[in-house]
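Encoded as structure tokens, the structure appears first; notes follow it.
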Amino acid sequence: MYLCPLIAPMEYRFQDIEKKWQHFWHSNQTYRVDEHSTNPPYYVLDMFPYPSGAGLHVGHPLGYIASDIFARYKKHTGFNVLHPMGFDSFGLPAEQYAIQTGQHPAKTTKENIARYRDQLDKLGFNYDWSREIQTSSPSYYKWTQWIFIQLFNSWFNPKTNKAEPIDQLIQYLQAHGLSAEFLASISGGMDTELEPFTAVEWGAFTEGVKQSVLMNFRLAYLGESFVNWCPELGTVLANDEVVNGLSERGGYPVERKLLKQWSMRITAYAQRLLEGLDALDWPESIKDTQRNWIGRSEGASVRFPLINHEGWIEVFTTRPDTLYGVSFVTLAPEHEWVSSLCSVEQKAEVEAYVAKSKHRSERERMADVNTISGVFTGSYVAHPFTHEPIPVWVGDYVLVGYGTGAVMAVPAHDERDFKFATHFFLPIKQVIQPQQPHDFSLGAWTEKAGTLINSEALNGLSVYDAIQKMTDNIAHEGFGSKRINYRLRNAVFGRQRYWGEPIPVYFKDDIPYVIPTETLPLNLPEVDKYLPTEDGDPPLGRAVHWKFEDFYEYEKSTMPGWAGSSWYYLRYLDPTNENMLAAPDKIAYWRNVDLYMGGAEHATGHLLYARFWCKFLKDIGIVPFDEPFKKMINQGMILGRSSFVYRVVGESTFVSAGLKESYRTTPIHVDISLVSNDRLNIEGFKAWRTEFENATFILEPTGEYLCGYEVEKMSKSKYNVQTPDELVERFGADTLRMYEMFLGPVEQSKPWDTKGITGVHGFLKKFWRLFHPSGTFEVNDATPSLEHYKILHKTIRKIREDLDRFSFNTGVSNFMICVNELTEAKGNYREILEPLTVLLAPYAPHITEELWALLGHEPGSLYNAPYPTVNPAYLVESQHEYPVSINGRMRFKMTLSLSLTKEEIETVVMSESQTIKWLEGKDPKKIIIVPGKIVNLVI
RNA sequence: GCGGAUGUGGUGAAAUUGGUAGACACGCUAGACUUAGGAUCUAGUGCCGAGAGGUGUGCGGGUUCGAGUCCCUCCAUCCGCACCA
């Protein structure tokens with residue numbers, strides 16, 4: 001069997017193998033799936049990428065590889081697996097590029113997609129490309145527009161807790177009008193100042209009035225609201241697109257501006273979005289972030305009647321128990337009654353203050369949260385119970401968008417109110433006696449603990465009881481009601497941009513109407529430039545002959561980036577359907593996503609919006625489920641590992657990292673392609689840039705130049721970007737796939753470092769060599785020994801366990817251990833190698849396909865081969881190597897039969913010479929024996 | 001400030017139920033072979049110590065026969081939210 005290897009060994013030629021099988025899979029449509037299968041369906045989805053001009057770097061495929069391995073595993077274990085891919089192809093970068101170059105964003109996008117597709121294909125994913133979608137293609141956005149129309153034509157009925165046709169609401173209003181009670185019941189999801197009206201009044205309203213009333217109910221609506229306006233980008237942004245007062249893309253300042261905007265009434269779904277989280281198998285951190293973002297707080301609204309004015313100021317409070325401690329009321333500067341409330345003497349001061357706050361950007365306002373500012377309006381409200389006059393102030397610590405834009409200030413029991421009161425010398429009234437000593441001159445007592453004092457009927461109650469009682473009292477006396485408030489804001493849905501889905505709306509007498517669904521899609525028109533018009537209209541204002549029925553103006557803003565991604569998982573189920581977004585039987589077959597793989601950075605954007613649309617689509621009967629993604633895993637970020645050379649200050653001399661302490665140096669980023677295991681390719685470095693042509697080097701004693709390193713985000717400017725392409729070229733896709741998994745747990749962020757890749761590549765070579773013991777392919781059909789079976793079945797068990805808990809990194813290790821042991825054990829048995837090939841197939845699909853074919857199977861059949869199962873009979877052990885510990889510390893080992901009883905083990909251990917040595921003549925106080933595990937002697 | 005995550009060799013990491021800490025891999029050291037190749041193979045490699053041995057999972061404490069794992073306190077790093085009433 002072991003012949004003298006005169007012929008050159010047949011090496012592992014990964015480049016040929018990978019090219020061959022990628023071509024095979026493509027031309028045989030190996031990964032194409034349909035719903036005509038007796039196997040149960042399983043839906044694996046990756047967050048689809050935005051095809052940027054830079055292409056993929058090694059960080060992008062991390063999640064794709066993990067989900068691909070899992071999808072293949074599911075396929076081998078008898079599931080009908082759907083694993084599609086597409087492109088989120090509307091977006092700002094292509095448009096910015098278009099503005100600079102005049103090139104149509106569709107062209108750039110197409111080129112970028114081709115590049116991405118090419119890069120993805122090289123990694124051997126099992127995507128069913130026949131289902132590819134692109135959000136910017138009219139056949140796709142036709143249905144994004146269709147959903148918008150459904151949202152426009154729906155309202156959220158709080159009684160049924162779901163969306164219903166707006167026509168039903170119209171019928172109701174015709175019959176009953178709009179009562180005050182009805183209005184109160186819907187206050188949660190609305191930001192409305194609607195007045196009640198009767199059925200007769202409704203009938204008498206003009207079309208314009210009717211439509212503006214209905215606009216308060218529609219789930220997609222045109223409303224005036226404060227938005228995040230970004231002048232540099234010339235567009236509004238959603239809350240999740242603003243980070244620390246700057247735009248997420250580009251980092252430009254963002255200001256608050258009152259604008260008429262298309263918005264989504266996501267707040268109507270706040271409670272359902274919150275409740276739905278509990279049942280989801282998502283990372284806790286994402287669920288927490290969403291809970292936080294939704295920000296539910298339970299409390300009461302309380303009305304304070306104005307003195308010498310009509311009406312009242314309504315506040316929201318979570319602490320109605322402290323009502324007797326109110327010493328002033330504060331309004332947000334944007335509160336609509338500020339100007340009408342200020343007295344003649346205070347007018348100038350108030351107006352100046354309001355003007356100042358308006359011009360402060362969101363960022364400035366956040367930057368000095370500790371600066372206390374405010375101004376007295378000169379007006380008073382009456383305390384609802386004591387009727388004492390309470391001064392009304394304006395302060396920018398009160399936010400117009402939260403609660404009612406007004407707060408009742410209880411300085412003794414709220415930290416901000418306390419600071420405000422001490423700054424302006426306002427009274428501080430204690431109404432809760434804490435159990436422990438507390439100095440009320442130093443700060444507020446904000447714990448929800450203690451006994452009520454100075455509060456008439458509430459005196460003596462605990463905080464908890466007082467909250468209940470006061471909430472009831474307020475409602476009973478008619479001063480307010482119990483109320484649940486959410487931090488979640490309605491989402492702005494229009495962008496003053498070109499490269500997005502046109503909003504399917506036209507205007508007739510200034511009233512917006514949706515276009516008939518039969519006329520969809522409303523195609524994105526051509527424009528001469530991608531800039532706003534001279535009149536300040538969005539770029540769509542440049543389109544010529546672009547009118548509904550050649551007469552009515554279309555809406556000129558487009559949809560935001562998150563529109564297309566909010567429902568794309570449904571389109572994969574039926575990507576070419578021209579009559580509906582997806583056929584009901586296909587939706588019913590595949591259902592929602594079983595495993596969703598993607599980044600955690602979408603926690604409050606995409607993942608919340610997609611859940612919202614899913615709930616809406618359920619309400620209108622399109623989907624039979626309430627949540628889009630059952631289980632989610634967030635892959636960690638792969639960070640770059642930048643390399644540095646150290647230039648001696650003022651010279652063209654570079655000193656090696658080990659010697660740099662003796663010099664004054666400046667670190668300079670060096671392209672990582674010039675560095676291998678921290679050693680600099682000096683000739684390459686000199687040739688890299690002309691300025692380094694004549695550089696001199698101070699080397700280590702070994703004659704090498706060592707580079708320093710730092711872990712940073714991967715970026716072109718840091719010369720630390722690693723593309724998958726070059727690694728696929730050098731080591732092959734199977735190596736790259738396994739190496740990315742080998743780096744560590746998928747959900748953990750980690751620095752990229754190619755150092756270890758040779759280890760994984762070496763493993764695949766070693767695996768290949770098992771099938772080529774003397775150079776050529778050769779397997780042994782004889783029956784393997786028990787030892788071989790044991791190695792195999794131990795591995796099967798571990799690999800399956802690792803896959804079931806998404807522990808891909810330990811999976812790779814276990815394959816390595818297996819191949820090391822089989823190499824050691826010798827013997828290229830078919831009965832061992834064949835199941836091992838299937839076992840490895842999800843991780844390394846190319847090499848296993850090649851070997852599978854060499855083993856004599858039909859090419860391409862590996863994908864459908866059943867996954868090996870464990871035969872426990874091979875794993876039964878008769879002996880165990882017992883660690884013997886003295887006082888919990890392992891001292892030596894003894895191999896004993898597992899059939900021994902505790903007593904027998906004790907006898908053997910106690911008579912062992914090592915034991916006697918360690919006992920030093922003492923008697924053990926206690927002997928712990930756990931059969932099959934350990935022995936511990938306590939002395 | 002609130003919430004979450006993480007902390008283990010020179011490096012990436014493993015330890016699934018409280019039971020041999022550092023599997024696997026990189027790197028490093030020494031050696032073998034070779035048509036110097038980024039090939040292959042052998043041995044070693046947590047730290048201190050010549051060795052016996054001691055010591056070791058961010059710090060300090062606790063529970064336990066036994067703790068990386070459970071409990072408490074603190075520290076550091078990262079992420080999310082943040083005048084949210």
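Naming convention: chains lettered A, B, ... in sequence-line order (proteins, then strands); numbering from 1 in each chain.
- The residue A:Lys917 sits close only to the backbone: its heavy atoms come under 4.0 Å of sugar-phosphate atoms, none of a base.
- For B:G22, the glycosidic angle deviates from 0 by more than 90°, giving an anti base.
- Each of A:Gly762 and A:Asn887 was matched to the nucleotide of RNA chain B holding its nearest heavy atom; the match closer to the 5' end belongs to A:Gly762.
- For a distance-only test at 3.5 Å, the side chain of A:Lys893 qualifies as a donor-acceptor partner of the base of B:U20.
- Side-chain N/O atoms of A:Arg891 and base N/O atoms of B:G66 include no donor-acceptor pair closer than 3.5 Å.
- Residue contacts shown for A:Arg296 are absent, as no nucleic acid heavy atom lies under 4.0 Å away.
- For the P atom pair drawn from B:U69 and B:U20, the interatomic distance equals 13 Å after rounding to whole Å.
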* Asked: Under the salt bridge (charged side-chain N to carboxylate O under 4.0 Å, His left out) criterion, do A:Glu877 and A:Lys790 qualify, and how do the steps go?
  -> CA-CA 10 Å; A:Glu877 300 278 351; A:Lys790 201 165 174 175; 3.3 Å; yes
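- Of all nucleotides listed (B:A14, B:G19, B:G54), B:A14 comes nearest to the side chain of A:Pro745.
- B:U63 sits 24 Å from B:G54 when the P atoms are compared, rounded to a whole Å.
- Looking at A:Arg889, its side chain comes within 3.5 Å of the base of B:U55 through a donor and an acceptor atom.
- Counting only heavy atoms from C-beta outward, the side chains of A:Thr322 and A:Met408 approach each other to under 4.5 Å.
- Rounded to whole Å, the separation between the C1' atoms of B:U35 and B:G46 comes to 41 Å.
- Pairing of B:C28, defined by two Watson-Crick or G-U wobble distances under 3.5 Å, is identified with B:G44.
- When each of B:A85, B:C26, B:C65 is scored by its nearest atom to the side-chain atoms of A:Val938, the top-ranked nucleotide is B:C65.
- Distances from the side chain of A:Asn936 to the nucleotides B:G12, B:A23, B:C65 place B:C65 closest.
- Taking the C1' atom of each, B:A82 and B:G1 are spaced 8 Å apart, rounded to whole Å.
- A:Thr735 is not listed as a side-chain neighbour of A:Phe14, based on a closest heavy-atom distance of 4.5 Å or more.
- In this structure, of B:C65, B:A15, B:C81, it is B:C81 that holds the atom nearest to the side chain of A:Trp293.
- Set against B:G53, B:C24, B:A21, the side chain of A:Met816 has B:C24 as its closest nucleotide.
- Using a 4.0 Å heavy-atom cutoff across all strands shown, A:Pro751 reaches no nucleic acid atom at all.
- Atom NZ in A:Lys766 sits roughly 10 Å away from atom P in B:U40 (whole-Å rounding).
- With both ends at atom C1', the span from B:A36 to B:A50 equals 38 Å, rounded to whole Å.
- Rounded to a whole angstrom, the distance from the P atom of B:U16 to that of B:G58 is 16 Å.
- Whole-Å rounding puts the A:Glu747 CD to B:C79 P distance at 18 Å.
- Ranked by how close their nearest RNA chain B nucleotide is to the 5' end, A:Arg805 and A:Thr404 are led by A:Arg805.
- Spacing between atom OH of A:Tyr12 and atom P of B:G37 amounts to 23 Å, rounded to whole angstrom units.
- Note on A:Asn809: only backbone sugar-phosphate atoms sit closer than 4.0 angstrom, heavy atoms only; bases stay farther off.
- Counting any heavy atom pair closer than 4.0 Å across all strands shown, A:Gln748 reaches sugar-phosphate atoms only and no base atom.
- A 4.5 Å side-chain heavy-atom check between A:Val463 and A:Arg319 finds at least one atom pair inside the cut-off.
- Here B:A36 sits opposite no nucleotide as a Watson-Crick or G-U wobble pair (both hydrogen-bonding atom distances under 3.5 Å).
- Side-chain contact between A:His880 and A:Leu896 is absent, with no heavy-atom pair separated by less than 4.5 Å.
- Ring geometry for A:Trp768 against A:His772 counts as parallel: the plane angle stays under 30°, on a 0 to 90° scale with 60° as the upper cut.
- Base pairing of B:U69 is not made with any nucleotide, judged by Watson-Crick or G-U wobble geometry with both donor-acceptor distances under 3.5 Å.
- Taking 4.5 Å as the limit, some side-chain heavy atom of A:Leu898 sits within range of a side-chain heavy atom of A:Tyr882.
- Between the P atom of B:G19 and the CE atom of A:Met890 lies a distance of 15 Å, rounded to the nearest Å.
- For A:Ser813 and B:A25, a side-chain-to-base donor-acceptor distance below 3.5 Å is absent, hydrogens and geometry of angles not being considered.
- Pairing of B:U17, defined by two Watson-Crick or G-U wobble distances under 3.5 Å, is not identified with any nucleotide.
- Here B:A82 sits opposite no nucleotide as a Watson-Crick or G-U wobble pair (both hydrogen-bonding atom distances under 3.5 Å).
- Separating the CZ atom of A:Arg291 from the P atom of B:C2 is a distance of 19 Å, rounded to the nearest angstrom.
- Here B:G3 presents its C1' atom at 12 Å from CZ of A:Arg487, a figure rounded to the nearest Å.
- Counting non-hydrogen atoms under 4.0 angstrom, A:Ser297 reaches the backbone sugars and phosphates but no base.
- Between A:Ser807 and B:U16 there is no side-chain polar atom (N or O) within less than 4.0 angstrom of OP1 or OP2.
- Using a 30° and 60° split on the angle between ring planes, A:Phe420 and A:Trp393 fall in the perpendicular class, above 60°.
- Nearest nucleotide to the A:Thr758 side chain, out of B:C83, B:C26, B:G80: B:C26.
- The A:Lys750 side chain lies nearest to B:A13 when the options are B:U20, B:C65, B:A13.
- Residue-to-nucleotide contacts include no donor-acceptor pair under 3.5 Å from the side chain of A:Asn292 to the base of B:C81.
- Side-chain atoms of A:Asp288 lie closest to B:G4 of the nucleotides B:A23, B:G19, B:G4.
- Note: CG (A:Asp414) to P (B:A85) measures 9 Å, nearest angstrom.
- Pair check for B:U57 finds none; no Watson-Crick or G-U wobble contact set falls under 3.5 Å.
- Taking atom P in both B:U55 and B:G68, the straight-line distance is 14 Å, to the nearest Å.
- Salt bridge status for A:Glu11 with A:Arg13: absent, with no side-chain N to carboxylate O gap under 4.0 Å.
- With a cut-off of 3.5 Å on both pairing distances, B:U8 has no Watson-Crick or G-U wobble partner at all.
- Going from atom NZ of A:Lys287 over to atom C1' of B:C79 covers 18 Å, rounded to whole Å.
- For the pair A:Leu840/A:Met738, a side-chain contact is recorded, criterion being any heavy-atom separation below 4.5 Å from C-beta on.
- Nucleic acid contact class of A:Asn820 (heavy atoms, under 4.0 Å, all strands): sugar-phosphate only.
- Rounded to the nearest Å, the gap between the C1' atom of B:U45 and that of B:G37 is 26 Å.
- Taking side-chain N and O atoms only, A:Lys755 has no distance below 4.0 Å to OP1 or OP2 of B:C26.
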